[in-house]
2 protein chains.
Amino acid sequence: MKDNNDMPGHLARRFQQIAVAVFLAEVGEAGFDLTPVQYAALATIKANPGLDQVTLAGLIAYDRTTITGVIDRLVQKNLIERRASPRDRRARELEITDEGRRTLRKITPAVESAQRIMLRGLSAKEGEELMRLLRKAIAAGNELSRAPLRQTLA
Amino acid sequence: MKDNNDMPGHLARRFQQIAVAVFLAEVGEAGFDLTPVQYAALATIKANPGLDQVTLAGLIAYDRTTITGVIDRLVQKNLIERRASPRDRRARELEITDEGRRTLRKITPAVESAQRIMLRGLSAKEGEELMRLLRKAIAAGNELSRAPLRQTLA
DNA sequence: TACTGATAGTCAGCATACTGATCAATATTG
DNA sequence: CAATATTGATCAGTATGCTGACTATCAGTA
């Protein structure tokens, strides 16, 4: 019988599971309470001030229904602001707050440390190769999930 | 700034996201309603008749609290049976049913097809290399998640 | 301009995953 | 053997992630 270890899907799930655990551990140790998902959203909002939720979702490949809750929690933590767009009354503009900026700055070392730890079994060259192969597989499968990556910025 | 595409954690999440979508699509097209998680549990129960939930969790690296719900749903679908262990009244023995066996047999082509599709951007050699690197990274990080792999069979 | 279609956001519902707690039962040890 | 520690399972609570439905709004067109 085919072993779990021969199933890319199973390996994907396991690697992601470890990645999340490492992220939460490092960030938690640094004194912050941010999930990987919240971090990616926060960093993307900072890099694209005033973007709306659909655009944000496309930039990080989240489902638009998932974004709602993530944004809720970031607002609750006072890291971002959500306000109605003057140009489109359906849309909400997202803006990072000063506290969000501060948090992002202070959390960065922990985030980078986490990325290193989750690759700690690999040499630098292997780590690079793993990321290259993941990027390539992801690019080919982008349209297969409900939440594909969309590089378009309005 | 560091791009998302340079973060192994983000790539892990994205690849897993696509892997799940592909699995559900293939299995659904084949006329079945099984998640990747349920499939792995079912296949492992078939391969290890009478195992208890903690052992099952260890074999597929699930959290023990997650297993409870997964088992519930497999029982509900009549694919497995859960009964008290005669040797340890705390434990539940898990056994695949005839319908579970039938389902597993008929679903296998779709599952294998899904594994191919999620690697479709890679050559055969690259696919092998990706799996090797994932296995290696996972092995080094096994103890970092709350639900590590445990090969022990009682 | 009225109609049609598309889009932004939200919601209910379901299925992983985790934290931390609890209960029952088993193991260990003084 | 009695006290203690450990273990198997479950539960409540929280956070992704998805499906499918819905509202409000906008855009394009007849």
Side-chain angles (χ1 to χ4, degrees), chain A residues 9 12-14 16-25 28 33-41 51-58 60-74 76-77 82-94 144-148 150 152 154, chain B residues 9 12-14 16-25 28 33-41 51-58 60-74 76-77 82-94 144-148 150 152 154:
Chain A
R13 176 190 156 281
R14 188 78 184 97
Q16 146 81 350
Q17 181 184 41
I18 291 170
V20 171
V22 169
F23 185 100
L24 292 176
D33 174 31
L34 260 200
T35 67
V37 161
Q38 289 165 15
Y39 170 80
L51 86 175
D52 63 292
Q53 295 185 194
V54 166
T55 305
L56 171 61
I60 47 188
Y62 291 3
D63 192 278
R64 71 187 192 288
T65 63
T66 302
I67 280 282
T68 301
V70 175
I71 296 296
D72 280 349
R73 287 178 280 277
L74 286 174
Q76 184 122 35
K77 291 176 184 177
R82 165 165 50 184
R83 48 171 194 274
S85 164
R87 283 161 313 186
D88 185 337
R89 300 221 308 273
R90 293 169 302 180
R92 311 301 169 87
E93 285 185 352
L94 305 173
L144 300 179
S145 80
R146 168 161 142 165
R150 298 276 179 241
T152 356
Chain B
R13 177 191 156 280
R14 187 79 185 97
Q16 145 81 350
Q17 180 184 42
I18 291 170
V20 171
V22 168
F23 185 101
L24 292 177
D33 176 32
L34 261 200
T35 67
V37 161
Q38 289 166 14
Y39 170 80
L51 85 175
D52 64 291
Q53 297 185 191
V54 165
T55 307
L56 171 61
I60 46 188
Y62 290 4
D63 193 277
R64 72 188 190 286
T65 64
T66 302
I67 280 281
T68 302
V70 175
I71 296 296
D72 280 348
R73 287 179 279 278
L74 287 174
Q76 184 123 32
K77 291 178 186 178
R82 165 167 48 185
R83 47 171 195 274
S85 164
R87 284 162 311 188
D88 186 337
R89 300 221 308 271
R90 291 169 303 180
R92 311 301 168 87
E93 285 185 352
L94 305 173
L144 301 179
S145 80
R146 169 161 141 164
R150 297 277 178 241
T152 355

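No experiment lies behind these values; they were computed from the predicted model shown. Each chain gets a letter, A, B and so on, in the order its sequence line appears, and its residues count up from 1.
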Inset, instruction - Describe the nucleic acid contact of B/Thr66 in one word from base, sugar-phosphate, nothing, applying a heavy-atom distance below 4.0 Å. - result: base
(request) Answer with base, sugar-phosphate or nothing: what part of the nucleic acid does B/Val20 contact at a heavy-atom distance below 4.0 Å? (result) nothing
**Asked** Touch check for B/Arg89, heavy atoms < 4.0 angstrom, all strands: base, sugar-phosphate only, or nothing?
**Response** sugar-phosphate
Would you say the side chains of A/Arg73 and A/Gln76 form a donor-acceptor pair under 3.5 Å?
no
Atom CD of A/Gln38 and atom P of C/dC18 are separated, to the nearest Å, by 17 Å
Using only side-chain N and O atoms of B/Gln16, determine if any of them is under 4.0 Å from OP1 or OP2 of D/dG17.
-> no
Separation of C/dG9 atom P from A/Arg90 atom CZ, nearest Å, is 9 Å
- request: Determine yes or no for a side-chain-to-main-chain donor-acceptor pair under 3.5 angstrom, with A/Tyr62 supplying the side chain and A/Val37 the backbone.
  value: yes
Side-chain donor-acceptor pair present, A/Ser85, A/Asp88, cut-off under 3.5 Å:
no
Between CZ of B/Phe23 and C1' of D/dC18 the distance, given in whole Å, is 15 Å
Judged by nearest nucleotide, the residue sitting upstream toward the 5' end of DNA chain D, A/Arg64 or A/Thr35, is A/Thr35
Any side-chain N or O of B/Gln53 below 4.0 angstrom from OP1/OP2 of D/dT10?
yes
Do other residues, nucleotides or ligands put more than 12 heavy atoms under 6.0 Å from the CG atom of A/Asp33?
no
Separation of C/dG13 atom P from B/Arg73 atom CZ, nearest Å, is 16 Å
Taking a pair to mean Watson-Crick or G-U wobble geometry with both distances below 3.5 Å, C/dT4 pairs with D/dA27
Closest of D/dA9, C/dC18, D/dT16 to the A/Val37 side chain is D/dT16
Please determine if a side-chain N or O atom of B/Gln17 lies less than 4.0 Å away from the OP1 or OP2 oxygen of D/dT16. no
Test item: A/Gln53 side-chain N/O and A/Ile71 main-chain N/O as donor-acceptor pair under 3.5 Å
no
From CG of B/Asp72 across to P of C/dA15 the rounded distance in Å is 10 Å
Whole-Å distance, B/Asp63 CG to C/dA21 P, equals 15 Å
Testing D/dC18, C/dT16, C/dC18 for proximity to the side chain of B/Val70, the answer is C/dT16
- request: Look at all strands and tell whether A/Ala147 reaches a base, only sugar-phosphate, or nothing, counting heavy atoms closer than 4.0 Å.
  value: sugar-phosphate
Considering every strand and a 4.0 Å limit on heavy-atom distances, what is the contact class for A/Asp88: base, sugar-phosphate, or nothing? sugar-phosphate
**OP:** Name the nucleic acid region contacted by A/Thr65, choosing base, sugar-phosphate or nothing; use a 4.0 angstrom heavy-atom cut-off, strictly under.
**Re:** base
Does a side-chain N or O from A/Arg87 land closer than 4.0 Å to OP1 or OP2 of D/dC26, or not?
no
When rounded to whole Å, the CD1 to C1' distance for the pair A/Ile71 and C/dC11 reads 17 Å
Touch class at under 4.0 angstrom, heavy-atom based, for A/Thr68 against every strand present = base
Worksheet item: Using a cut-off of less than 4.0 Å, is there contact between a side-chain N or O of B/Arg92 and OP1 or OP2 of D/dT10?
Response: yes
Out of D/dT10, C/dA8, D/dT16, minimum distance to the side chain of B/Arg82 belongs to D/dT10
Of C/dT10, C/dA8, D/dA9, the nucleotide closest to the side chain of A/Ala91 is C/dA8
